[in-house]
Number of protein chains: 2
Amino acid sequence: MNEHVHTTQDLTKNQSLVMGALSRSDGPLSAYTILDQLRDDGFRAPLQVYRALDKLVEFGLVHRLESLNAFVACRHPGCDDHETVAFMICETCGQVNEISDNTLAKQLKRLATDAGFALKKSTVELRGICSACAAA
Amino acid sequence: MNEHVHTTQDLTKNQSLVMGALSRSDGPLSAYTILDQLRDDGFRAPLQVYRALDKLVEFGLVHRLESLNAFVACRHPGCDDHETVAFMICETCGQVNEISDNTLAKQLKRLATDAGFALKKSTVELRGICSACAAA
DNA sequence: AGTGTCACGTTATTTTGTTACACGATTGCG
DNA sequence: CGCAATCGTGTAACAAAATAACGTGACACT
């Protein structure tokens with residue numbers, strides 16, 4: 001097993017449960033929503049969720065949406081560049097679309113470099129109305 | 001007076017106080033930090049701060065930093081494109097640099113358009129180490 | 001046995017943000 | 001004028017999001 005790429009099998013029980021909840025969901029979930037969903041599985045405190053989430057984010061299996069205070073399962077786990085991903089968030093239906101645009105990533109890095117800024121992580125979250133909702 | 005561009009004179013008392021606190025500060029402030037700073041001016045409840053902040057953001061005088069749950073005074077108030085601004089946030093000193101890059105703005109819009117996504121607002125927050133802190 | 005590490009569990013607390021309700025000032029209008 | 005509508009304000013209570021502090025058990029390694 002590769003030491004960097006984590007799959008479901010590497011996960012601890014709590015991490016698997018949280019990952020499962022996020023995978024089942026078609027949209028982002030808040031930590032407390034996850035907690036509620038996992039009560040029957042023995043979850044009792046927010047910290048249990050947050051600890052699992054921290055690890056899952058670290059593994060690149062989950063993304064945090066800063067503008068929503070919520071989390072989503074990564075659509076392309078295993079891809080390297082988890083520091084430069086963009087999201088399109090529909091304000092009508094709540095659906096989140098994960099985009100991996102190389103040009104954008106490069107541009108952000110260039111912007112940072114030009115300013116002498118050592119970029120660690122970039123948060124790009126686009127808010128608007130998705131095509132499906134616009135049509136409806 | 002232009003009906004879209006707001007200046008300090010348009011602001012209500014509370015809005016002015018909050019704007020003043022943000023302008024005085026050299027970095028981002030949380031709503032509750034602002035509240036504490038304005039206790040002597042009669043502020044008592046978070047809602048007073050949030051209401052003022054909402055308006056100031058609406059006016060384009062203040063930006064909200066989603067990844068920090070904090071707020072900063074806009075460096076170039078009066079500029080149109082308050083929906084596509086990027087921030088570089090130094091994780092060492094906490095300084096925030098506001099960037100208005102036209103190429104980036106266009107690219108984000110193109111990304112959205114290509115996906116049939118009606119972009120309303122984009123959040124771009126780059127985390128890393130600023131040049132000053134890297135040198136030190 | 002001793003040590004370090006890691007995930008886990010529990011309680012309490014802090015930080016952040018919102019809901020609900022009421023009051024006063026202003027504006028617009030019949 | 002009188003009256004509704006709007007807007008900013010004030011207060012209290014509350015909900016949501018995140019963390020602090022402390023302790024336990026499992027496991028590996030020496």
Side-chain angles (χ1 to χ4, degrees), chain A residues 1 3 6 8-22 25 27-59 61-72 89 91 94 123 125 127, chain B residues 1 3 6 8-22 25 27-59 61-72 89 91 94 123 125 127:
Chain A
M1 172 58 86
E3 56 178 305
H6 288 72
T8 314
Q9 306 169 22
D10 293 316
L11 303 179
T12 67
K13 185 183 157 210
N14 283 6
Q15 287 160 15
S16 297
L17 287 167
V18 170
M19 192 65 208
L22 284 172
S25 169
L29 295 178
S30 78
Y32 279 71
T33 304
I34 296 173
L35 174 59
D36 285 339
Q37 291 190 8
L38 297 180
R39 295 256 180 220
D40 295 343
D41 298 288
F43 273 56
R44 317 218 128 219
L47 199 47
Q48 299 175 285
V49 180
Y50 281 111
R51 288 205 270 233
L53 285 172
D54 282 349
K55 285 298 179 184
L56 293 172
V57 168
E58 187 185 319
F59 297 160
L61 294 175
V62 164
H63 293 288
R64 175 187 183 116
L65 298 172
E66 304 282 356
S67 66
L68 291 180
N69 291 333
F71 300 83
V72 281
I89 304 169
E91 293 181 336
T123 297
E125 299 179 12
R127 313 288 294 259
Chain B
M1 173 61 82
E3 57 176 304
H6 286 72
T8 313
Q9 306 170 21
D10 293 316
L11 303 178
T12 67
K13 184 183 157 210
N14 283 5
Q15 288 161 12
S16 297
L17 287 167
V18 170
M19 192 65 209
L22 284 172
S25 169
L29 295 178
S30 78
Y32 278 72
T33 303
I34 296 173
L35 174 58
D36 285 339
Q37 291 189 9
L38 296 181
R39 295 257 179 220
D40 296 343
D41 297 289
F43 273 56
R44 318 212 129 223
L47 196 47
Q48 298 175 286
V49 179
Y50 281 110
R51 287 202 273 231
L53 284 172
D54 282 349
K55 284 298 178 183
L56 292 172
V57 168
E58 187 185 321
F59 297 160
L61 295 174
V62 165
H63 294 288
R64 174 183 186 124
L65 297 172
E66 303 283 358
S67 66
L68 292 180
N69 290 334
F71 301 83
V72 282
I89 303 169
E91 292 180 337
T123 296
E125 299 179 12
R127 311 289 293 259

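Since this is a predicted model, take the numbers as computed values, not measurements. Residue numbers start from 1 in every chain, and the chains themselves are labelled A, B, ... in the order their sequence lines are given, proteins ahead of strands.
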Taking Watson-Crick and G-U wobble contacts under 3.5 angstrom, with | marking pairs to another strand and [ ] crossing pairs, the secondary structure of DNA chain D is written ||||||||||||||||||||||||||||||

Given C:dC6, is OP1 or OP2 found less than 4.0 Å from the side-chain N or O atoms of A:Thr12?
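Indeed not, no polar side-chain atom of A:Thr12 lies that close.
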
Between A:Ser30 and D:dA17, is there a contact of a side-chain N or O with OP1 or OP2 at under 4.0 Å?
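For D:dA17, OP1/OP2 do have a side-chain N/O of A:Ser30 under 4.0 Å.
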
For [X] and [N], give me the distance from atom [atom1] to atom [atom2], rounded to whole Å.
X	N	atom1	atom2	value
B:Ile34	C:dG17	CD1	P	10 Å
B:Phe59	D:dG8	CZ	P	7 Å
A:Leu53	D:dA17	CG	P	12 Å
B:Asn69	C:dG17	CG	P	4 Å
A:Asn14	D:dG25	CG	P	17 Å

Which of the following nucleotides, [options], is nearest to the side chain of [X]?
X	options	result
A:Arg51	C:dG17, D:dT19, C:dC8	C:dC8
B:Pro46	C:dG17, D:dT11, D:dA21	C:dG17
B:Tyr50	C:dA7, C:dT19, C:dT16	C:dT16

Any donor-acceptor pair under 3.5 Å between the side chain of A:Tyr32 and the base of D:dA17?
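Answer is yes: a donor-acceptor pair is held.
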
May I ask you to say whether B:Arg51 pairs ionically with B:Asp54, meaning some side-chain N is under 4.0 Å from a carboxylate O?
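No, this pair does not count.
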
Between A:Leu68 and B:Ala52, just flag the one whose closest nucleotide in DNA chain D comes earlier from the 5' side.
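Mapping each residue to its closest nucleotide by heavy atoms, the 5'-most match is B:Ala52.
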
Closest heavy-atom contact between B:Pro28 and B:Leu68?
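That closest heavy-atom pairing would be CG-CD1, 4.0 Å.
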
